[in-house]
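One is the number of the first residue; the rest follow in order along the sequence. Atom set for the values below is all heavy atoms of this structure, side chains included, hydrogens, waters and symmetry mates excluded.
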Amino acid sequence: GGRAPPPRRRPHAAAADASAPMATGWEGTFSDPNHPEGWRKVTVQGSTATITGVDDPGGPEWTVMAALSGPVAHIDFSPKGGPKGIEASLHGGNIRFGDGNTWTRTA
């Protein structure tokens, strides 16, 4: 009987894959129409996002933090002189803010 055992099913793999896109949906590089020469990069660790960016070429790089709750983020822009608790949400891979501004995914 040189029969190979049946392939093992991994039920947990599907569950992990299903939850992955929510976190990674936030991750990427984005452009802000208010700062067309700059960039924003979002990385996610657990339910916290770190956003780094530059508003103008050669300008200072800044970092702000956001608390993620599914498709909604609350971003604290106070380290760069902005308001705290700004709400943003994922829309088609882009990040849309309550004031109508949208960061468009570039990578």
Side chains of [X] and [Y]: closer than 4.5 Å at any heavy-atom pair?
| X | Y | result |
| --- | --- | --- |
| T52 | E61 | yes |
| L68 | V44 | yes |
| N101 | P33 | yes |

(request) Could you go through the side-chain contact (heavy atoms from CB on, under 4.5 Å) check for V54 and W62 one step at a time? (result) CA-CA 6 Å; V54 169; W62 47 261; 5.6 Å; no
(request) Measure the CZ-OG1 distance between R40 and T106 for me, rounded to the nearest 0.5 Å. (result) 11.0 Å
(request) Show your reasoning for whether side-chain contact (heavy atoms from CB on, under 4.5 Å) applies to T50 and V42. (result) CA-CA 6 Å; T50 302; V42 181; over 6 Å; no
(request) Check whether any side-chain N or O of E37 sits under 3.5 Å from a backbone N or O of D56 as a donor-acceptor pair, and report yes or no. (result) no
(message) With a 3.5 Å distance limit and no angle check, can you tell me whether W26 reaches the backbone of T48 through a side-chain donor-acceptor pair?
(response) no
(message) If we count only N and O atoms by modelled type, under 3.5 Å, do the side chains of D32 and W39 hold a donor and an acceptor together?
(response) no
(message) List the residues meeting ring pair (Phe, Tyr, Trp, His ring centres under 6.0 Å) with F97, not counting sequence neighbours, and say none if there are none.
(response) W103
Between side-chain atoms of residues 82-96 and protein atoms elsewhere (two or more places apart, or another chain), which donor-acceptor pairs fall under 3.5 Å?
residue	atom	partner	partner atom	Å
E87	OE1	H74	NE2	3.1
S89	OG	H91	NE2	3.1
N94	OD1	R105	N	2.8

(message) If I compare all heavy atoms of K80 with all of V64, which pair ends up nearest, and what's the gap?
(response) CG-CG1, 4.3 Å
